[in-house]
Student: 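After the structure tokens below, expect a handful of questions from me.
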2 protein chains.
Amino acid sequence: MRETPQSPEDQKRSLVEAQDGFIAAFGQMGSAWGISRTMAEVQALLYITGEPLCTDDIMERLRISRGNASMSLRALLDWGVISRAHKRGDRKEYFQADQDVWDMFRAILRERMKREVDPLLASLHEIRDKTNTELAAKSDAGRGKRPRDDDPELRQKIDEHNTRLDSMLRFFETIEALSQKFVSPAGRGLKIAATLLTSPLLAGGGRER
Amino acid sequence: MRETPQSPEDQKRSLVEAQDGFIAAFGQMGSAWGISRTMAEVQALLYITGEPLCTDDIMERLRISRGNASMSLRALLDWGVISRAHKRGDRKEYFQADQDVWDMFRAILRERMKREVDPLLASLHEIRDKTNTELAAKSDAGRGKRPRDDDPELRQKIDEHNTRLDSMLRFFETIEALSQKFVSPAGRGLKIAATLLTSPLLAGGGRER
DNA sequence: GAGAGATTTCAATCATTTCTGAAACGGTCG
DNA sequence: CGACCGTTTCAGAAATGATTGAAATCTCTC
């Protein structure tokens with residue numbers, strides 16, 4: 001099995017095949033997230049080739065239109081996972097992917113939190129504020145001053161509703177704080193924490209219930 | 001502002017409004033993930049009302065078709081975030097959401113890992129195996145036995161390719177291990193870890209670079 | 001085992017997202 | 001300036017994904 005001495009041409013072809021496989025797998029996963037398949041594929045291509053490519057390279061390799069390539073590149077720049085590069089004596093713009101996998105996913109985590117969790121948290125807080133003033137719960141539960149035909153059953157439902165809302169709120173606030181810790185301050189935070197948590201040190205916590 | 005004594009009817013209306021807001025916010029976020037908006041809304045409805053609802057309740061409240069409700073409920077059951085319930089003397093099936101937010105998101109994490117990360121890891125391993133035999137890297141770099149017109153530049157590209165592939169592989173393996181730790185063994189793992197990591201104890205690590 | 005109610009399935013329809021191609025734009029060089 | 005080269009924008013086309021509604025299936029009960 002190991003005795004398949006390949007010609008450079010065969011090697012070249014195998015390499016390209018491997019790259020294509022990588023790109024396909026990555027694109028697949030990308031579409032399971034909010035990201036468009038093409039965008040993920042562009043990122044994968046830039047990462048796996050490792051060298052700066054221009055728009056035409058990408059169009060050709062991925063068989064996509066110029067517009068699509070341009071849009072995807074712009075989006076990736078916005079996400080902060082690729083950067084521009086220039087070649088001397090060449091007016092074209094080239095693009096290259098961040099070669100540090102952890103940095104790359106830190107950037108992605110940061111963006112996704114910003115786009116998905118933050119708005120949700122805002123909504124939840126808004127709703128909570130509203131129910132807090134309009135449907136004031138326990139806090140003034142002993143202060144009398146209530147409509148005389150107050151319904152205890154309804155009151156309880158409202159209290160429970162607020163409790164559930166608060167649980168959700170606290171959950172997302174914890175997640176938010178966690179991701180802040182990983183993403184923003186010290187660059188190595190995430191990697192270190194992950195390595196720590198995966199190390200045998202904490203293995204004792206992993207006992208079946 | 002606090003002196004708006006509300007009639008039970010007003011309270012009831014406010015409660016429903018708050019629920020609707022919650023459902024909308026949740027559905028919004030759901031669609032940013034791979035989940036369909038409706039599915040997220042059903043989950044939100046079941047969570048925030050806290051009581052078991054039947055298909056018709058859900059259809060009516062969310063204004064969706066029977067088929068859609070059925071499909072969404074089935075999917076949520078598959079994800080393991082809601083469960084069936086029955087009312088005495090009623091042939092209808094009722095559904096209720098897991099009321100523990102952390103359990104709920106543990107289930108979601110587990111499912112998403114299974115559906116998205118595991119297949120990716122499988123693909124990456126497959127690709128790596130292929131390039132390993134066909135484009136053997138450093139390991140036999142000194143064993144002579146190579147095509148005589150071996151191209152050193154190509155060789156280097158292949159090595160770099162394999163390095164990048166390995167980085168990505170190691171990253172996802174760490175993530176996989178991490179999520180295993182959180183998700184599968186002791187139920188409280190995730191919550192505890194999150195609380196720990198968010199506590200001031202580790203705050204020292206959060207210094208700007 | 002026939003009927004009634006409840007649930008699931010699925011082809012057709014509808015909505016949303018993604019992609020294309022061509023035109024508009026912008027900067028650079030002669 | 002004005003021709004050239006490259007990039008961005010955007011309206012419509014294509015692809016994909018979600019939803020419906022009605023028929024098929026299931027499952028109790030009598």
Side-chain angles (χ1 to χ4, degrees), chain A residues 23-24 26-46 52-79 82-96 111-112 115-116, chain B residues 23-24 26-46 52-79 82-96 111-112 115-116:
Chain A
I23 292 166
F26 218 79
Q28 194 68 27
M29 160 133 160
S31 62
W33 292 41
I35 302 154
S36 94
R37 193 173 41 70
T38 302
M39 194 173 146
E41 287 184 348
V42 172
Q43 169 68 22
L45 172 61
L46 288 173
L53 301 178
C54 70
T55 308
D56 295 85
D57 295 335
I58 293 167
M59 285 167 58
E60 189 188 341
R61 182 72 187 268
L62 260 34
R63 309 295 205 81
I64 60 176
S65 72
R66 184 171 300 283
N68 196 2
S70 175
M71 297 253 228
S72 299
L73 286 168
R74 142 79 70 142
L76 289 169
L77 285 169
D78 281 352
W79 281 63
I82 67 173
S83 54
R84 293 179 207 271
H86 292 277
K87 285 189 180 172
R88 214 188 302 293
D90 187 342
R91 270 167 64 182
K92 275 204 282 292
E93 265 190 323
Y94 287 75
F95 301 89
Q96 56 192 350
E111 276 315 290
R112 288 185 67 101
R115 289 163 202 230
E116 291 151 30
Chain B
I23 293 166
F26 219 79
Q28 193 68 26
M29 161 133 160
S31 62
W33 293 40
I35 302 154
S36 94
R37 192 174 40 70
T38 302
M39 192 174 146
E41 286 184 349
V42 172
Q43 167 68 22
L45 172 61
L46 288 174
L53 301 177
C54 71
T55 308
D56 295 85
D57 295 335
I58 293 166
M59 286 167 58
E60 189 189 341
R61 182 71 189 269
L62 259 35
R63 309 296 204 79
I64 61 175
S65 73
R66 185 170 300 283
N68 197 2
S70 175
M71 298 256 225
S72 298
L73 286 168
R74 143 79 68 144
L76 289 169
L77 285 170
D78 281 351
W79 280 64
I82 67 173
S83 54
R84 293 179 208 272
H86 292 277
K87 283 191 180 171
R88 222 189 317 288
D90 188 342
R91 272 166 64 182
K92 276 203 283 289
E93 264 190 322
Y94 287 74
F95 300 89
Q96 57 192 350
E111 265 331 275
R112 289 185 66 99
R115 288 162 201 230
E116 290 150 32

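Excluded from the calculations below are hydrogen atoms, water molecules and symmetry mates; all remaining heavy atoms, backbone and side chain alike, are included.
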Student: Whole angstrom is fine here: how far is it from CG in L62(B) over to P in dT19(D)?
Tutor: 10 Å

Student: Tell me, which of residues 65-74 of chain B have any heavy atom that sits under 4.0 Å from an atom in DNA chain D?
Tutor: S65(B), G67(B), N68(B)

Student: Provide, to the nearest angstrom, the distance between the CG atom belonging to D90(A) and the C1' atom belonging to dG27(C).
Tutor: 15 Å

Student: Expressed in angstrom and rounded to an integer, what is the separation of W33(B) atom CH2 from dT17(C) atom P?
Tutor: 18 Å

Student: Please give, in whole Å, the distance from dT7(C) C1' to I64(B) CD1?
Tutor: 14 Å

Student: How do I35(B) and R91(B) order along DNA chain D: which one's closest nucleotide is nearer the 5' end?
Tutor: I35(B)

Student: Using whole Å, report how far CE of M39(B) lies from P of dG17(D).
Tutor: 15 Å

Student: What's the CZ-C1' distance between R84(A) and dT8(D), to the nearest Å?
Tutor: 11 Å

Student: Roughly, in whole Å, what's the span from CG in L76(A) to P in dT7(D)?
Tutor: 16 Å

Student: Report the distance from atom CE of M59(B) to atom P of dA22(D), rounded to the nearest whole Å.
Tutor: 12 Å

Student: Under 4.0 Å between a side-chain N or O of R37(A) and OP1 or OP2 of dA15(D)?
Tutor: no

Student: Kindly indicate, with the supporting measurements, whether the criterion side chain to side chain contact (heavy atoms under 4.5 Å, CB included) is fulfilled by W79(A) and Q43(A).
Tutor: CA-CA 11 Å; W79(A) 281 63; Q43(A) 169 68 22; over 6 Å; no

Student: Quick check on dC19(C): is either OP1 or OP2 less than 4.0 Å from any side-chain nitrogen or oxygen of T38(A)?
Tutor: yes

Student: Please check if the side chain of S72(A) supplies one atom and the backbone of N68(A) the other of a donor-acceptor pair under 3.5 Å.
Tutor: yes

